[in-house]
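All of these numbers come straight from a predicted model, not from anything done at the bench. In listed order, ligands and their atoms are each counted from 1.
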Amino acid sequence: METFNLTVNGRSVTVKTDPERSLLDVLREDLRLTGTKYGCGEGRCGSCTVLIDGRRNHACVVPIKEAADASILTIEGLAQGDKLHPVQEAFLAEGAMQCGYCTPGMILSTVALLKEKPKPSDAEILQWMEGHICRCCGYVKIQKAVRRAAADSAK
Ligand code: FES
Ligand code: FES
């Protein structure tokens, strides 16, 4: 067991755990941040996407020792009080979810995309979101939501 300090959604936290344990397990089981979803557990579906120091990562394949001292953003930290983040608003406006299981990862990935490319082309959106699987096959609406989020943030 080792002790790790990290910042999660702007809050300093300390966890004592096995250094090889995944960030996903720590978020969900120790910190009760269950908005980050377990899908494949091997970095292939995107449902566990979080931002680590502003960059998207699959929390299922990041050992907690590699997240030490980093700043982590999960879906729970995106809204400002009662005000949803513009990307969350765009997903709602487009109805870009069915069961919602993939949605936190899709939204955080979109936040990262728009930070890197504020005006992505359709091809760039598809390429960026390629690693995300929606088992409900809501891809058309998800793409529309990403487009809407980009358009809204350009206003
Ligand atoms: S659960 Fe992490 S990528 Fe699928
Ligand atoms: S909305 Fe169900 S997995 Fe994407």
Side-chain angles (χ1 to χ4, degrees), residues 2 4 6-9 11 13 15 17-79 84-117 120-153:
E2 287 180 32
F4 300 96
L6 43 160
T7 302
V8 181
N9 300 333
R11 194 169 58 95
V13 296
V15 289
T17 189
D18 176 346
E20 299 301 331
R21 213 164 143 233
S22 75
L23 172 62
L24 177 61
D25 284 352
V26 171
L27 290 172
R28 289 182 57 83
E29 294 168 11
D30 299 17
L31 304 178
R32 302 288 176 201
L33 294 171
T34 54
T36 308
K37 302 301 184 195
Y38 180 91
C40 63
E42 53 187 38
R44 290 173 185 267
C45 75
S47 67
C48 66
T49 297
V50 296
L51 304 189
I52 302 179
D53 292 333
R55 305 186 68 164
R56 67 175 174 167
N57 277 269
H58 294 141
C60 67
V61 291
V62 176
I64 188 65
K65 66 183 182 187
E66 287 180 15
D69 302 320
S71 180
I72 318 290
L73 181 68
T74 72
I75 195 70
E76 289 91 346
L78 206 49
L84 291 178
H85 186 280
V87 174
Q88 291 174 305
E89 294 281 13
F91 271 68
L92 267 182
E94 293 294 345
M97 63 205 72
Q98 290 183 49
C99 77
Y101 200 86
C102 69
T103 312
M106 296 280 189
I107 287 175
L108 283 168
S109 226
T110 303
V111 170
L113 167 64
L114 298 184
K115 199 170 160 205
E116 199 163 298
K117 284 182 191 292
S121 65
D122 277 354
E124 286 169 333
I125 293 172
L126 286 178
Q127 191 182 16
W128 186 269
M129 302 302 279
E130 202 171 313
H132 285 268
I133 292 173
C134 174
R135 62 187 176 183
C136 303
C137 288
Y139 298 109
V140 172
K141 287 189 173 180
I142 290 166
Q143 189 180 6
K144 284 171 93 172
V146 178
R147 270 197 220 117
R148 177 189 279 259
D152 288 350
S153 63

Within the 4.0 Å heavy-atom shell around [X], which atoms of ligand 2 are there?
X      : result
Cys136 : 1 (S), 2 (Fe), 3 (S)
Arg135 : 3 (S)
Cys134 : 1 (S), 3 (S), 4 (Fe)

Counting backbone and side-chain atoms alike, is an N, O or S atom of Cys137 positioned under 2.8 Å from atom 4 (Fe) of ligand 2? no
Just by modelled atom types, is the Thr36 backbone N or O under 3.5 Å from a matching donor or acceptor in the Arg28 side chain? yes
If I take every N, O or S atom of Cys40, is at least one of them less than 2.8 Å from atom 4 (Fe) of ligand 1? yes
Can you tell me if Cys60 has an N, O or S atom under 2.8 Å away from atom 4 (Fe) of ligand 1? no
Checking side chain to side chain donor-acceptor pair (under 3.5 Å) for the pair Ser109/Arg56: CA distance, chi angles, key distance, verdict? CA-CA 6 Å; Ser109 226; Arg56 67 175 174 167; 2.7 Å; yes
How far does NE2 of His132 sit from NE2 of His58, to the nearest 0.5 angstrom? 5.5 Å
At under 4.0 Å between heavy atoms, is it the side chain or the backbone of Arg44 that contacts ligand 1, or both, or neither? backbone
What atoms in ligand 1 come closer than 4.0 Å to a heavy atom of Cys45? 1 (S), 3 (S), 4 (Fe)
Check ligand 1 against Gly46 and write out every atom of the ligand that is under 4.0 Å from a heavy-atom position of the residue. 3 (S), 4 (Fe)
Any Gly100 heavy atom less than 4.0 Å from ligand 2: yes
Can you tell me if an N/O/S atom from Cys99 lies under 2.8 Å from atom 2 (Fe) of ligand 2? yes
Side-chain touch Thr49/Pro104, heavy atoms, less than 4.5 angstrom: no
Taking the cut-offs as 6.0 angstrom to the six-membered ring centre and 45 degrees off its axis, would you call Arg135 and Tyr101 a cation-pi pair? yes
